[in-house]
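Throughout, a chain's letter reflects where its sequence line sits, starting with A, and its residues are numbered from 1.
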Amino acid sequence: MNEYRQEIAALTMRWVRRLSREKFSMLFTLIQPMLFWLIFFGNLFQRAADVQVVQAPNYISFLTAGVVVMTVLNNGLAGGVDLLFDKENGFLERLMSTPIHRTSVILSRFLFVTTVTSLQVLVILGVAFLFGVTPATGFFGVAVILLIGMLFGVGLTAISMAMAFSVKSHGDFFSVLGFLSLPMIFLSSALVPLSAMPKFMAMLAVLNPMTWAIDAIRPLILTGWADALRPLAIVLLIMVAFDALCLYGSAKAFRRAIG
Amino acid sequence: MEQSVAIDVSKLGKTYDGVAAIQDLSFQIRTGEIFALLGPNGAGKSTTLRILITLLRPTSGQATVLGHDVVRDADHVRRLIGYVPQERAIDRFLTGREHLLLLGDLYHLSKEESLRRIAELLKLVDLEGKADQPAKTYSGGMKRKLDIACGLLPNPKILFLDEPTLGLDVQSRLRIWDYVRQLRQRGITVVMTTNYLDEADQLCDRLAIIDGGHIKALGSPTELKSGLGGDIVSVTVGSAALARVEPLAAALKGLPSIRAISAKPTGLDIRVESPEKALPAILEVANRLACPVEFIEYHRPRLDDVFVAHTGHAIREEFPAAEEEA
């Protein structure tokens, strides 16, 4: 058990070191969702968006839940990228030739992605606060938001890592990533509530786990516990099922790649 | 020779999607020797090595490392070996020291033990000055040295090197050979793959020539060379006379002092019993066939000759081999 902890701590530390050395890319990953989506998009649509339709005091407060989950989505889907490079340059083989538990590398990645994402979500909520968005359910609500983010993020990171282990080249990986990310956002309740969507898009959006995460987080920010409990119960069930499915699939891919 | 067996490979096979990468390999590696798997790209060297270091599961047969099965007892094997991969498996954002610290934790060393070994290894591979620079500032040779330090960190009984000097300049190569010899002096068994004949010849105690997934020959370089018997007479003809090479080979075939003939792009390599008798005979036949000899020399058998004799082709005819790999 001690050995296991030592391995995971060291491997996680490596991801932290890498991030701190890549200052430029760190800045981009951290700032991009806030700058682009929350500040620009949120303010741009302030007057175009009908508060009757979005059912929020203003568009930016409506959008905050969406930006939180989008960040979880993007970080999760990109969570396997570093393993992909490790696989391609042989570093993964070096790691796997040491007597570490076969799950340590993957666990370190989950740990790292979850932590970075949670910090980022906190920063996003902080920026939203500067624009006058105060979570209606307070600190406990923020904790629940983080929990939902973590649950969703684990499944996504698992998908990303499974893809990293299965693709033939990193070109494939990035085209799938690019193909997935934007439609996932548009076919969810991130930018527009389901009720205001064209029928066929709303039908697809219901199948998107992202929608359920957003619809649970939104009342935590906008209204309060009374409205949040039902969607919370639903999203917890969906996320547990989603994670189970993703972890099962990625375990298979991992075993095939590493044995 | 009462040396104990470090690695025992028996009828090992590995198939990828129905295509055999290696077939029915059996050999033993002795404790304390430098052993090379020599062959062209795609011959199955790396596949064999990866099975031995537990990264690949064999499709058939078995292998043990210091008595531990590489599949059933993989974790135990991993604790006994060090591995230096073929690619520059370096994290460009980490410093040399951070690489070694990371591996120290993965081998579950205590902090003190880890630091002690790291200081010693950095000195051994002469990287002390650069240890705290990110690896992206390292030259190819320095990355290789870091690779080797990483492989030695666990204090392995057996060190596996995959193409240790591939793409290095001459000086770095000699330096690496030097380290490898030092390792043998410390009692470490070294197993390496290479497609450099001179490396196998000068560095290794024993080698296996592997081609098309099969072992074609096994022994010390000296054994393999003397096993060929006789010397090599190498005939080069003028480019205008290349068409006469074939009749020349045919005419030479029956002569008593000649053992074997193989064609090369510029002429013939002829394995002979004694050059004193064979040389005049060869010249006489060439004269009779009006085949102008541009250059003729003879030499003791070299490892290239051994390779050609056992595989039927030169190790550097890389185009077909490279295709196989892709």
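The distance from the CD1 atom of B:Ile53 to the CD atom of A:Glu93 is 6.0 Å, given to the nearest 0.5 Å. The CG atom of B:Leu102 lies 6.5 Å from the CG atom of A:Leu95; values are rounded to the nearest 0.5 Å.
Counting non-hydrogen atoms of neighbouring residues, nucleotides and ligands closer than 6.0 angstrom, the CZ atom of A:Phe179 reaches no more than 12 such neighbours. Taking a 6.0 Å sphere around CZ of A:Phe140, one finds it holds 12 or fewer heavy atoms contributed by other residues, nucleotides or ligands. Heavy atoms of other residues, nucleotides or ligands lying less than 6.0 angstrom from NZ of B:Lys157 number 12 at most. Counting heavy atoms of neighbouring residues, nucleotides and ligands inside a 6.0 Å radius, atom CZ of B:Arg79 exceeds 12 of them.
Of the two parts of B:Arg50, only the side chain, counted from C-beta on, holds a non-hydrogen atom closer than 4.5 Å to a non-hydrogen atom of chain A. Contacts of B:Leu109 with chain A are made by backbone atoms alone, with heavy-atom separations under 4.5 Å and no side-chain atom involved.
Residue A:Arg21 comes nearest to B:Phe93 through the heavy atom pair NH1-O, 2.7 Å, listed as atom of the first residue, atom of the second, then distance. Closest of all the heavy-atom pairs between A:Ser97 and B:Tyr83 is OG-CD2, 3.6 Å. Of all heavy-atom pairs spanning B:His108 and A:Pro99, the tightest one is CE1-O, 3.3 Å. Heavy-atom minimum distance, B:Leu103 versus A:Thr98: CD2-CG2, 3.8 Å.
Of all the listed residues (B:Asp91, B:Asp75, B:Ile81, B:Val77), the one sharing the greatest number of non-hydrogen pairs under 4.5 Å with chain A is B:Asp91. By number of non-hydrogen pairs under 4.5 angstrom with chain A, the leading residue of B:Ala74, B:Pro134, B:Cys150, B:Pro154 is B:Cys150.
For residues 4-12 of chain A, the interface with chain B (any heavy-atom pair closer than 4.5 Å) comprises A:Gln6, A:Glu7, A:Ala10, A:Leu11, sorted by residue number.
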Can you list the steps and then say if B:Glu98 with A:Arg18 is a salt bridge (Lys or Arg N to Asp or Glu O under 4.0 Å)? CA-CA 11 Å; B:Glu98 285 166 350; A:Arg18 279 177 66 105; over 6 Å; no

For A:Phe91 and B:His99, what are the C-alpha separation, side-chain angles and deciding distance, and is it a side-chain contact (heavy atoms from CB on, under 4.5 Å)? CA-CA 11 Å; A:Phe91 205 85; B:His99 277 86; 3.7 Å; yes

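Between B:Asp147 and A:Arg94, at least one side-chain N (NZ, or NE/NH1/NH2) sits under 4.0 Å from a carboxylate O, which counts as a salt bridge.
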